[in-house]
Amino acid sequence: MSLANYILRRVLLIIPTLFGVSILTFVLSRMVPGDPARLAAGAQATPEMYEQIRREFGLDDPLPVQYWNYVTGLLQGDWGRSILSRRPVLEDLSVYWPATFELVLFAILIAVAVGVPLGILAAVRADRPADQASRVVALLGVSVPAFWLAILLQIFFGLRLGWLPVSGRLGPMVDAPATMTGLYTVDSLVSGQWATLGESLRQMALPAITLSFPAMATIMRFTRATLLETLGQDFVRTARAKGATERNVVTRHALRNALIPTVTMIGLSFGWAMGGSVLVETVFDWPGIGLYATKSALSLDFMPIMGIALLYGFVFSIINILVDVTYGALDPRVSR
Amino acid sequence: MSVQGAAPSLVRGGAPAGRSLFGLEERRRRALRRFRQSPLSVVGLAIIVALLLIAVFGPLFVPYPEDVTGALNMTQRLKAPSAEHLFGTDQAGRDVFTRVIAGARVSLLAGFVVIVLAFTVGTLLGAVAGFFGGRLSELIMRTTDIFLTIPDLILAMAFAAALGPGLVNVMIAVSLVWWPGYCRLARANVVALRDSQFAESARSIGASQGRVLFSHILPNAFPTILVKASMDIGFAVLTTAALGFIGLGTQPPDPDWGVMIADGRKYLREAWWYSTFPGIAILLTVLAFNLLGDGLRDVMDPRARRRF
């Protein structure tokens with residue numbers, strides 16, 4: 001099967017998965033014991049206002065009809081309306097998604113930039129103090145509650161030292177750059193607004209570092225394990241026998257092969273960080289999907305949650321395809 | 001979970017559980033030795049034993065029992081850590097040390113309940129899917145796919161919100177999100193053992209399908225699933241605390257580590273201790289179960305690669 005065919009088949013397989021996700025979220029949204037229309041109408045609403053809101057949200061129809069309306073709506077770009085923001089969910093998602101994407105992207109960049117070199121160091125010094133230290137750091141990285149680490153960083157770097165801002169995406173004195181991608185760093189870079197670029201990097205520092213921890217820990221230990229495995233293989237022994245320096249053996253021969261599986265891990269970490277961003281965004285008041293999810297869940301606003309599940313289901317599926325295709329491209333042994 | 005439970009894995013793929021080359025006693029000693037060889041696992045086990053003791057007996061010995069629930073003591077409001085209040089006090093003048101100790105019971109209970117539920121449901125469904133295959137298996141596995149496409153926390157939040165806030169609902173919500181992991185692992189293990197020699201021989205002497213699955217295959221499939229479960233207890237504590245932090249879990253005034261961290265957030269400037277100590281408790285718990293799980297893996301599945 002050609003690569004194009006493979007990708008096409010995988011992309012088509014997303015459709016039944018998302019269909020399944022839509023059933024799951026729909027069932028969930030109808031389990032809600034509270035009455036969302038009552039909630040939206042507020043305590044002072046007259047019966048007429050309440051009835052109108054029920055009709056507006058389609059809560060009067062039988063369940064299968066509601067599901068049918070929901071799915072056909074999804075396909076036409078109608079993802080429902082948020083009770084909280086009173087805006088279409090798709091509009092909200094398109095505003096919040098770039099913020100989350102930017103945050104997750106930087107977190108993964110940090111995780112790779114720190115995790116891969118430390119993983120190499122741990123493998124080269126296997127079972128020596130540096131390796132033991134990296135093991136402890138990795139264990140702490142996956143065990144630490146992200147929402148707590150976030151608070152500690154806020155207390156220390158934000159309040160005590162006053163080095164970095166502790167909430168939001170841009171300070172009150174800075175205007176957002178003209179929207180092209182929605183990523184403030186990219187937009188300000190492209191339009192040459194250096195002050196805005198610096199400000200958005202400063203704002204992102206603490207949340208991105210917090211979010212990068214578990215991914216960094218996983219990537220570090222994974223790099224170590226695969227590199228150790230590769231270093232034990234025949235072609236590495238051959239390289240050593242031919243008199244290559246240890247540095248060359250590691251960087252030229254072993255590392256290239258060892259990093260291929262790490263690519264998979266980086267892809268998966270991206271997905272996990274999307275989940276983790278819920279807590280980090282909540283603590284840092286980062287106006288992304290995670291904060292939107294928390295606010296919606298707390299006010300029983302279910303259309304946004306259904307939308308977020310669908311969006312993340314879609315992004316997750318795309319990431320999986322990208323990981324598999326990259327893996328195939330890097331490792332010629334994986335035949336399609 | 002006892003170390004003896006480890007024994008069957010040593011004979012995986014060979015003879016059925018309990019009838020291996022070595023005697024039971026010998027295998028038990030080998031397993032124990034392997035566990036003790038990794039000091040960090042022993043540390044993990046020690047922390048867990050301590051936490052369990054605190055969870056069971058702690059509330060009997062706390063310095064300020066009335067602070068476990070809604071006592072008000074405004075003269076003692078937001079006091080820094082001292083000899084009277086080891087971890088300081090909160091905005092209602094309650095002793096944070098007392099509440100962290102009392103929170104252990106809630107958190108550990110939540111962790112165990114979540115894993116028992118997810119483990120039972122997931123393993124049963126996965127075993128059935130792996131053993132019988134066919135359409136039922138397809139249906140089960142496609143369902144796990146759907147669950148696994150949505151990030152854990154988002155799905156757990158959705159379930160928790162739909163069920164209504166409260167600790168019990170949070171436990172149900174997290175188990176609903178976690179069973180697919182066990183289902184996949186159980187299925188993979190059962191498929192690998194389905195046509196093994198010992199399953200064949202059990203069939204050949206007339207054992208029923210159910211007997212082959214439950215008495216012969218599942219006991220041999222358990223070890224790797226148990227390793228996952230032992231690590232997951234810590235993550236279950238973490239996830240229920242996270243939902244408490246968001247506001248979907250334990251409701252005030254009951255002591256809960258996640259809720260305490262959230263409350264402490266409002267007093268970051270004046271009371272660093274308020275959020276800090278419950279967080280250390282969570283960190284220790286998750287760390288301990290991770291260490292234990294790592295050690296158990298070495299014992300039960302010596303061929304597997306260490307994670308840390």
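Considering every non-hydrogen atom in both Val286(B) and Val142(A), the closest pair reads CG1-O, 4.5 Å. Taking all atoms of both residues into account, the shortest heavy-atom contact from Ala161(B) to Leu300(A) is O-CD2, 3.2 Å. Here the closest heavy-atom approach between residue Leu279(A) and residue Ala242(B) is recorded as CD1-CB, 3.8 Å.
Neither the backbone nor the side chain of Ala288(B) comes within contact range of chain A, judged by heavy atoms closer than 4.5 Å. When heavy atoms are compared at a cutoff of 4.5 Å, Val21(A) approaches chain B by way of both its backbone and its side chain. Contact of Ile23(A) with chain B is not made at all, since no heavy-atom distance falls under 4.5 Å.
Against chain A, the residues from residues 143-160 of chain B that qualify, each with a non-hydrogen atom under 4.5 angstrom away, are Ile146(B), Phe147(B), Leu148(B), Thr149(B), Ile150(B), Pro151(B), Leu153(B), Ile154(B), Leu155(B), Met157(B), Ala158(B), Phe159(B) in number order. Contacts with chain B (heavy atom to heavy atom, under 4.5 Å) involve these residues of residues 307-316 of chain A, listed by number: Ile308(A), Ala309(A), Tyr312(A), Gly313(A), Phe316(A). Residues of residues 277-285 of chain B placed with any heavy atom under 4.5 Å of a heavy atom in chain A are listed by number as Gly279(B), Ile280(B), Ile282(B), Leu283(B).
More than 12 heavy atoms of other residues, nucleotides or ligands sit less than 6.0 Å from atom CZ of Arg10(A). For CZ of Arg160(A), the number of neighbouring non-hydrogen atoms (other residues, nucleotides, ligands) closer than 6.0 Å is 12 at most. Taking a 6.0 Å sphere around CZ of Phe289(B), one finds it holds more than 12 heavy atoms contributed by other residues, nucleotides or ligands.
Contact tally against chain B (heavy-atom pairs below 4.5 Å) for Thr294(A), Leu152(A), Ile305(A), Ile289(A): the top residue is Thr294(A). Among Leu149(A), Val136(A), Leu298(A), the residue making the largest number of heavy-atom pairs under 4.5 Å with chain B is Leu298(A). Ranked by heavy-atom pairs under 4.5 Å with chain A, the first of Leu238(B), Leu291(B), Leu248(B), Leu287(B) is Leu287(B). If you tally non-hydrogen atom pairs under 4.5 Å between each of Pro145(A), Pro16(A), Gly275(A) and chain B, the highest count goes to Pro145(A). Residue with the most contacts toward chain B among Leu18(A), Val278(A), Asn320(A): Val278(A) (heavy-atom pairs, distance under 4.5 Å).
Residues passing the side-chain contact (heavy atoms from CB on, under 4.5 Å) test with Asp131(A), sequence neighbours excluded: Ala122(A), Ala126(A), Asp127(A), Ser134(A), Arg221(A), Arg224(A).
Panel note: side chain Arg265(B), backbone Val283(A); a donor-acceptor pair is recorded below 3.5 Å.
Annotation: the span from Leu159(A) atom CG to Trp272(B) atom CH2 amounts to 14.0 Å, rounded to 0.5 Å. Once rounded to the nearest 0.5 Å, the distance linking OH of Tyr274(B) with CD1 of Ile155(A) reads 13.0 Å. If you take CG on Asn290(B) and CG on Leu139(A), they are separated by 6.0 Å, rounding to the nearest 0.5 Å.
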